There are 2 protein chains.
Amino acid sequence: MVAAKSNIKTYKAFQTEVESSNRIALSVDCVIFGFDENKLKVLLIRSDLKKYEGKWSLLGDLVLPDEGLDEAAYRILKQRTGLSDVFLEQVHTFGEIGRHPVNRVVTVAYCSLINVQHHKLKILDNELHWHDVDSISDMAFDHKIIFDTSLSQLQKRVREHPLGFSLLPNKFSLRELQNLYEAILNVKLDRRNFRKKFFSMDFLIDLDEVETDVPHRPGKLYRFDYVKYEKSAKNWNGIAF
Amino acid sequence: MVAAKSNIKTYKAFQTEVESSNRIALSVDCVIFGFDENKLKVLLIRSDLKKYEGKWSLLGDLVLPDEGLDEAAYRILKQRTGLSDVFLEQVHTFGEIGRHPVNRVVTVAYCSLINVQHHKLKILDNELHWHDVDSISDMAFDHKIIFDTSLSQLQKRVREHPLGFSLLPNKFSLRELQNLYEAILNVKLDRRNFRKKFFSMDFLIDLDEVETDVPHRPGKLYRFDYVKYEKSAKNWNGIAF
DNA sequence: AATTATTGTGTAAAATTTACACTTTAAATT
DNA sequence: AATTTAAAGTGTAAATTTTACACAATAATT
């Protein structure tokens, strides 16, 4: 009796298949958002490719053979900003044929939110620069598309989860929080309704402190209660404005 | 005067960098959802790796050097189901070090929604099988995680956009539509409120036909107005249940 | 003709969202 | 010290959306 035709491949067979296919390079690009002077910013670097000389690009690197994708993104963040322990989320993977002028490079985009006031944050490289998100026109590679996708996703996420706090200093006033949301969503919000909404969710901790050095009545300062948020996040419906 | 130290790399330099790094293989895996007998289904194939013999896996393949990611996903769908022109959306990219037992393979997951009643649909391969989504336990590789991620994303998407229609025949009754939503979201919905909601959005076309061969009062049949949806999608707030 | 199973329909209460203006406070100015 | 300035802090009513809920109509089956 003849054995039934089998579809099962050995390891060897698979390995051969992988090796014989032309390889594709894999990179990670980070869209690093910050918030400063009431503006949403993104951290960019001058392109290191001659073709894109003078253009700005996202912070990225090839993924190392022995590191995961998230890991690669964290490495880039750490290298470029000195920060670890920051918000980081995969956004989308971009793999159009012609997206890189030299090689076939598929890139996994990550969105990161950092607090630019953080004392550890040092922009180590003078090729790096914080750009206003609304003054970005063209960029190197397909990075404008990646950036646009990431910003859209941030706008969506920030309505569903209070991620925005990652962009603020630990202590912040409600005005700062509202400015942040207005900057991200690019809308004007009603102050009373905004306050009502945020107080109705239970994760602002009143610090019993107030702003200093403001030329008017100072606002109270709060911090975000991550613990309470983690617990209540599931049964919260998001922010409607 | 000495020229300032430059950060600019030539094509050559980049190419060398890419080539010298150990390469990572890239694949695409499709989570193909269907809806049949009032149950949400997913199309799986018996694993072709000896290690996972007897386990089921998603439909995937290595990405070819000259094809984009979406393109690769469409190719797989076409090969396995005979269908083109179906809903397809990238979900997430999985790149943990040990996720593939033989090689370093990073995979881009796609979610696809197909109408299993479609006349073109032929499951060509008898290694393929439609599984109830709620009876899936372990799978080959990290495919259970990929599947869970895709299902969660589907549940979320289906509340924001009426994607569900892709899973139904062209003509459907409101009961079928509700069954679909109940199957995807795994909840019971109020019939009157469900109908109200769907009629309040304007993209059901009354076909002036009714179900046949039902042993009770037949329901009216509708079809989905893709054109109207495309126009009104932007200013629609999603489905709350 | 009666039974059966499901379709089709409306309304009232509850919850959420929106629109909107005046008083309070601290710093800066006179 | 009094006045000015700029933003903080606060409540309510209307509109909208969501939820809960029950009975008459219809076609097929008996």
Side-chain angles (χ1 to χ4, degrees), chain A residues 37-38 158-162 168-169 171-183 185 187-223 232-241, chain B residues 37-38 158-162 168-169 171-183 185 187-223 232-241:
Chain A
E37 293 169 325
N38 285 340
V158 102
R159 286 170 172 274
E160 295 164 350
H161 300 283
L168 291 177
K171 298 178 181 184
F172 53 85
S173 67
L174 270 177
R175 163 58 56 187
E176 289 174 295
L177 185 59
Q178 185 174 339
N179 285 342
L180 172 66
Y181 273 84
E182 291 182 339
L185 298 172
V187 291
K188 273 284 166 204
L189 302 174
D190 180 272
R191 196 157 54 92
R192 274 182 287 189
N193 293 336
F194 182 85
R195 299 168 77 89
K196 212 188 307 175
K197 189 77 188 182
F198 268 93
F199 285 129
S200 77
M201 10 204 237
D202 222 19
F203 33 71
L204 288 184
I205 297 172
D206 187 336
L207 292 175
D208 273 319
E209 291 177 68
V210 291
E211 293 174 297
T212 52
D213 296 325
V214 287
H216 53 75
R217 177 173 178 178
K220 294 176 81 173
L221 294 177
Y222 299 87
R223 69 182 176 81
S232 68
K234 285 87 200 171
N235 32 332
W236 178 51
N237 274 336
I239 308 164
F241 295 104
Chain B
E37 294 168 326
N38 285 340
V158 102
R159 288 170 169 272
E160 295 165 350
H161 301 283
L168 291 177
K171 299 178 181 184
F172 53 85
S173 67
L174 270 177
R175 162 58 57 187
E176 289 173 295
L177 185 58
Q178 185 174 338
N179 285 342
L180 172 65
Y181 273 83
E182 291 181 340
L185 298 173
V187 291
K188 274 284 166 205
L189 302 173
D190 180 90
R191 196 158 53 91
R192 274 182 287 189
N193 293 335
F194 182 84
R195 298 169 77 89
K196 212 186 309 173
K197 189 78 189 181
F198 268 92
F199 285 130
S200 78
M201 12 205 236
D202 221 20
F203 33 71
L204 288 184
I205 298 172
D206 187 335
L207 292 174
D208 273 318
E209 292 178 67
V210 291
E211 292 175 298
T212 52
D213 297 326
V214 287
H216 53 76
R217 176 174 179 180
K220 296 175 79 172
L221 295 176
Y222 299 86
R223 70 181 175 81
S232 68
K234 285 85 199 172
N235 32 331
W236 179 50
N237 274 336
I239 308 164
F241 293 105

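Source: prediction; values computed, not measured. Reminder, nothing fancy here: chain letters follow the sequence lines and each chain counts from 1.
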Search all heavy atoms of Y222(A) against all heavy atoms of D206(A) and return the closest pair with its distance.
-> CD2-CA, 3.6 Å
When the distance from CG of N179(A) to P of dA7(D) is rounded to whole Å, what number comes out?
-> 10 Å
Within the structure, does a side-chain N or O atom of R175(A) lie under 4.0 Å from either OP1 or OP2 of dA8(D)?
-> yes
From the candidates dA20(D), dG11(D), dT7(C), the one with an atom nearest any side-chain atom of N193(A) is dG11(D)
Take the protein atom CZ of R191(A) and the nucleotide atom P of dT23(C), then report the distance between them rounded to whole Å.
-> 15 Å
What are the two closest non-hydrogen atoms of Q178(A) and D190(A), and how far apart are they?
-> NE2-C, 4.2 Å
What is the distance, rounded to the nearest whole Å, between atom CZ of R217(B) and atom P of dA25(D)?
-> 10 Å
Does R192(A) have a side-chain nitrogen or oxygen under 4.0 Å from the phosphate oxygens OP1 or OP2 of dG11(D)?
-> no
Contacts of E211(A) and D190(A) projected onto DNA chain D by closest heavy atom; the upstream (5') one is E211(A)
Which heavy atom in L180(A) sits nearest to a heavy atom in L168(A), and how many Å separate them?
-> CD2-CG, 3.8 Å
Mind calculating the distance between NZ (K220(A)) and C1' (dA7(D)) to the nearest angstrom?
-> 16 Å
Rounded distance (Å) that lies between atom P of dA20(D) and atom CZ of F194(B) | 16 Å
Between K197(A) (NZ) and dT18(C) (P), how many Å, whole number?
-> 8 Å
Measure from the side chain of K196(A), starting at C-beta and using heavy atoms only, and say which of dA20(D), dT18(C), dG9(D) lies closest.
-> dT18(C)
Per the atom types in the model, does the base of dG9(D) pair as donor or acceptor with the side chain of R195(A) at under 3.5 Å?
-> no
P162(A) and Y181(A) have their tightest heavy-atom pair at CA-OH, 3.6 Å
Can you tell me how far C1' of dA19(C) sits from NZ of K188(A), to the nearest Å?
-> 17 Å
Assign V214(B) to base, sugar-phosphate, or nothing according to its heavy-atom contacts below 4.0 angstrom with the strands shown.
-> sugar-phosphate
